[in-house]
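I'd like to ask you about the structure that follows.
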Amino acid sequence: MLLVALVTLLAAVAFQPLTSVVALDVHLLRQLAAKHNVTSILVFGDSSVDPGNNNFIKTEMKGNFPPYGENFINHKPTGRLCDGLLAPDYIAEAMGYPPIPAFLDPTLTKADLTRGASFASAGSGYDDLTANISNVWSFTTQANYFLHYKIHLTKLVGPIESSKMINNAIFLMSMGSNDFLQNYLVDFTRQKQFTVEQYTEFLSHRMLYDAKMLHRLGAKRLVVVGVPPMGCMPLIKYLRGQKTCVDQLNQIAFSFNSKIIKNLELLQSKIGLKTIYVDAYSAIQEAIKNPRKFGFVEASLGCCGTGTYEYGETCKDMQVCKDPTKYVFWDAVHPTQRMYQIIVKKAIASISEEFLV
């Protein structure tokens with residue numbers, strides 16, 4: 001459905017911390033996290049940070065089958081739309097923890113709960129309509145499940161300790177692409193209500209509202225990942241019939257990211273929320289423009305199938321490239337774990353001790 005709609009439409013038409021920076025390496029991050037009792041990571045968003053919640057939701061937006069997970073632990077597909085680890089998993093690894101589990105995972109242990117969870121749902125966005133289109137969890141639903149998490153955590157460690165752990169946690173939000181690619185650009189509901197500029201502003205207000213909601217629920221530290229260069233996704237270029245990135249979509253992403261940055265500055269100054277902006281846009285774009293700098297040899301095609309249009313169900317059981325570490329994209333939409341690793345490495349370098357205090 002998405003593929004057909006996008007074909008119709010498209011045929012027609014660095015990381016920036018918002019606190020003072022002292023670059024950290026992984027070992028120092030681990031020490032400072034322990035020093036300031038930062039023991040958990042709580043994740044909200046879309047497929048970029050969903051480790052498998054959609055496995056337990058009646059939706060077609062899944063990745064719990066081969067070749068997904070080819071480079072994960074025991075080569076197991078978990079629901080991550082990637083060959084291996086996602087960005088939150090690498091952050092957890094840097095802090096000395098195992099990969100971030102999906103909150104709906106039935107194998108979730110008590111120890112897992114104390115280290116956090118992901119409430120993200122592939123296909124979601126800042127606009128609740130985006131999630132409704134794909135029958136996945138909206139941010140509002142994700143926040144409601146976080147309340148369930150708080151109940152479980154309180155039963156496990158008590159109300160006082162639970163409150164401390166949540167206040168000391170790193171909250172992470174990563175979404176926005178689907179609001180454009182699966183909603184505004186293919187569904188006429190929002191197009192009838194907003195111009196592109198107006199919809200971008202609408203999403204900005206939604207992002208701000210969501211961040212304030214997390215603050216009311218106990219968040220003191222918030223990391224927000226910007227929207228990637230959507231026009232450089234192999235699927236988008238394939239649908240547009242061009243080999244170069246679609247500038248129009250990249251400009252939309254860049255504009256929205258600028259609004260995210262301003263929102264984070266506002267949140268920091270008005271309510272004291274400590275924030276960091278993760279510039280996934282620049283990181284991926286730099287890798288595409290200068291792939292060999294990062295050890296990549298393929299920056300235009302995905303590793304799955306032909307690398308042009310396969311993702312999710314259309315990637316199922318397809319042959320993949322021999323070495324995903326040489327590819328920026330795993331499928332026609334999502335980055336490889338190697339690309340996520342590069343993003344996180346730069347993110348860690350941007351974290352200041354002030355953010356962790």
Side-chain angles (χ1 to χ4, degrees), residues 14-45 48-49 87-88 90-92 94-97 100 114-120 126 139 142-143 146 149-150 153 161-176 204-227 257-280 282-283 343-357:
F15 292 81
Q16 184 172 344
L18 298 172
T19 55
S20 58
V21 177
V22 177
L24 302 181
D25 61 22
V26 170
H27 301 294
L28 183 55
L29 173 65
R30 189 172 300 185
Q31 293 174 8
L32 290 175
K35 175 182 175 182
H36 299 293
N37 297 313
V38 180
T39 58
S40 60
I41 304 169
L42 301 164
V43 185
F44 304 80
S48 62
V49 289
Y90 280 114
I91 296 173
M95 294 172 63
Y97 303 142
I100 301 293
T114 63
R115 292 188 291 260
S118 175
F119 308 90
Y126 290 111
F139 175 83
Q142 294 178 35
F146 171 63
Y149 168 85
K150 291 180 71 174
L153 189 64
E161 187 62 25
S162 172
S163 181
K164 286 182 180 178
M165 291 176 70
I166 289 171
N167 288 158
N168 288 335
I170 292 176
F171 284 69
L172 187 149
M173 289 201 308
S174 177
M175 56 190 134
S204 172
H205 286 298
R206 292 299 310 173
M207 177 264 153
L208 188 62
Y209 178 86
D210 294 346
K212 288 179 178 179
M213 180 188 294
L214 292 180
H215 181 257
R216 290 194 299 271
L217 294 176
K220 302 297 182 184
R221 305 177 181 90
L222 177 65
V223 176
V224 177
V225 182
V227 173
N257 287 337
S258 299
K259 294 180 185 297
I260 290 178
I261 294 171
K262 289 181 180 178
N263 282 345
L264 295 182
E265 292 171 346
L266 184 65
L267 289 165
Q268 194 163 280
S269 63
K270 296 296 184 181
I271 62 176
L273 186 62
K274 296 176 181 178
T275 63
I276 286 180
Y277 171 69
V278 180
D279 190 0
S282 295
I343 291 172
V344 171
K345 183 177 180 181
K346 290 187 175 183
I348 289 174
S350 77
I351 296 176
S352 68
E353 182 170 3
E354 180 184 348
F355 177 75
L356 297 171
V357 172

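Sequence positions, counted from 1, serve as the residue numbers for this chain. Remember, predicted model here, so these are calculated numbers, not experimental data.
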*Please confirm whether the backbone N or O of Ser204 pairs with a side-chain atom of Asn263, one donor and one acceptor, at under 3.5 Å?*
yes

*Going through the checks in order, is the side-chain contact (heavy atoms from CB on, under 4.5 Å) test met by His215 and Leu267?*
CA-CA 9 Å; His215 181 257; Leu267 289 165; over 6 Å; no

*Taking atom CZ of Phe171 and atom CD1 of Ile41, what is their separation to the nearest 0.5 Å?*
11.5 Å

_As an exercise, state the distance from CG of Leu266 to CD1 of Ile261, rounded to the nearest 0.5 Å._
14.0 Å

*So, does Lys150 use its side chain to make a donor-acceptor pair with the main chain of Leu217 at under 3.5 Å?*
yes

*asked:* Measuring from atom CD1 of Ile260 to atom OH of Tyr126, what distance do you get when rounded to the nearest 0.5 angstrom?
replied: 4.5 Å

*Heavy-atom check, side chain of Val38 versus side chain of Ile170, under 4.5 Å*: yes

*To the nearest 0.5 angstrom, please state how far the CD1 atom of Ile166 sits from the NZ atom of Lys220.*
11.5 Å

_With heavy-atom distances below 4.5 Å as the criterion, would you say the side chains of Met95 and Arg115 are in contact?_
no

*In terms of heavy-atom contacts, does NZ of Lys259 have more than 12 from other residues, nucleotides or ligands at under 6.0 Å?*
yes

*What is the ring orientation for Phe44 with Phe146, classed by angle as parallel under 30°, tilted 30 to 60°, or perpendicular over 60°?*
perpendicular

*Output, in order, the C-alpha distance, side-chain angles, deciding distance and verdict of side-chain contact (heavy atoms from CB on, under 4.5 Å) for Tyr90 and Ile348.*
CA-CA 10 Å; Tyr90 280 114; Ile348 289 174; over 6 Å; no

*Just by modelled atom types, is the Asn168 backbone N or O under 3.5 Å from a matching donor or acceptor in the Arg221 side chain?*
yes

_Run the side-chain contact (heavy atoms from CB on, under 4.5 Å) test on Met213 and Phe139 for me, step by step, so that the C-alpha distance in whole Å, both residues' side-chain angles and the decisive distance to 0.1 Å come before the verdict._
CA-CA 10 Å; Met213 180 188 294; Phe139 175 83; 3.8 Å; yes

*Of the options Val278, Ile91, Leu42, which is the one that meets Leu172 in a side-chain contact (heavy atoms from CB on, under 4.5 Å)?*
Ile91

*How far does CZ of Phe355 sit from CD of Gln268, to the nearest 0.5 angstrom?*
9.5 Å

